[in-house]
Asker: 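The structure that follows is given in the form of structure tokens.
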Amino acid sequence: MKRIAVLCALVAVGALSMVVSAYQATQSPAPKVLEVEKLKDNLFMLKNPDSGGNTAVFIGTTGVVVVDTKNPGWGRPILDKINELTKKPVTTIINTHTHGDHVSGNVEFPATVDIVVQENTKTNMANMRPATGREPEGPPPNIFKEHGGKGLPTKTFKDRMTLGRGADEIDLYYFGRGHTNGDAFVVFPALRFMHAGDIFARKGPPLLDANNGGSGVHIGDTLTKASASIKNVDSIITGHSTVMTWKDLEEYARFNKDFLAWVQAEMKAGKSVDAAAAEYKIPEKYAGYTPNANQTKSNVGVIYNELKSSEK
Ligand SMILES: [Zn+2]
């Protein structure tokens, strides 16, 4: 009898501690720790796989420019990390495009900070539609509405804009539709560096976000225009991967053009989206590219829709 009572007590304690640890897991999320990669004396990349897109921190003569601000809750950790690097104030945020994992931290910055985006991205940020292929998750909460409009863009450009001069110069470019219809290329000419955002997120299939104006018919041309028009850049901060070279960007443009040509051939052969996607293999010449079957299927569907609507 005694033994059973002890056993019961032990089971009860065990169950209780499980409940407590489950409660703690929901109450105290993992601490938001950012890794700093020093790219130049005044250019840093802040990253953490759970945080969203890569953030660039450019320390200018009088202030700091931040490119992309990650997922909700990561604005403060970005500001804290910048405070360890410099005592200069953040003056400007540039968002490469509308996605929540690149813009949500905006709401945690002081309201005095300028927020610069391509003009279509401003429209997209007012709506914050779910990305193509992510609809089953439902529309993400509109973080800007939740914050009374704080964090929305204050300045836009159409094709080209220059901020600052001399060592502080930053050139913004837009070359057309790709990942979305508002992908900015952000160039730091004095450092021969560029942040490409998610139009070059990684070596692998891009997210073609038709819901936000993205295009599989245009992304290859857009990347080709960028790689041909922008001069004197050696290194590229990608949306979600490591720093890459200009040759990598040129190759990525070809990868996307090759994918479009392949999809066109599949459509011509009368293949369904599913049948075509199931056959796709990354061509061997693209060494180091990571396959993504779900993304490939979504992209085939996006391109089929674009090709069908252009036939009408
Ligand atoms: Zn994105």
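Counting convention: from 1, in listed order, for ligands and their atoms alike. Just so you know, these numbers come straight off a predicted model, no measurement behind them.
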Asker: Establish whether Val90 and Ile170 are linked, either directly or via other cluster members, by ILVMFWY side-chain heavy-atom contacts under 4.5 Å.
Answerer: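 No: no chain of side-chain contacts under 4.5 Å links Val90 to Ile170.
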Asker: Closer than 2.8 Å to the Zn ion (ligand 1), how many protein N/O/S atoms do you count?
Answerer: 4
Asker: Quick one: which of Thr154, Thr121, Leu172 gives a side chain to side chain contact (heavy atoms under 4.5 Å, CB included) with Val116?
Answerer: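 It is Leu172; the other options fail the test.
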Asker: Are Phe175 and Phe185 an aromatic pair, judged by ring center distance below 6.0 Å?
Answerer: yes
Asker: Under 3.5 Å, sequence neighbours excluded: what are the donor-acceptor pairs made by side chains of residues 278-285?
Answerer:
residue : atom : partner : partner atom : Å
Glu279  : OE1  : Lys271  : NZ           : 3.2
Glu279  : OE2  : Lys271  : NZ           : 3.2
Lys285  : NZ   : Asp258  : OD2          : 3.2

Asker: I need the full list of ring pair (Phe, Tyr, Trp, His ring centres under 6.0 Å) pairs touching residues 30-67, with sequence neighbours left out, sorted by first then second residue.
Answerer: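 Checked against ring pair (Phe, Tyr, Trp, His ring centres under 6.0 Å) - neighbours excluded - the pairs reaching residues 30-67 are Phe58-Phe188.
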Asker: I need the full list of ring pair (Phe, Tyr, Trp, His ring centres under 6.0 Å) pairs touching residues 192-220, with sequence neighbours left out, sorted by first then second residue.
Answerer: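 Every pair satisfying ring pair (Phe, Tyr, Trp, His ring centres under 6.0 Å) with a residue in residues 192-220: Phe200-Tyr252.
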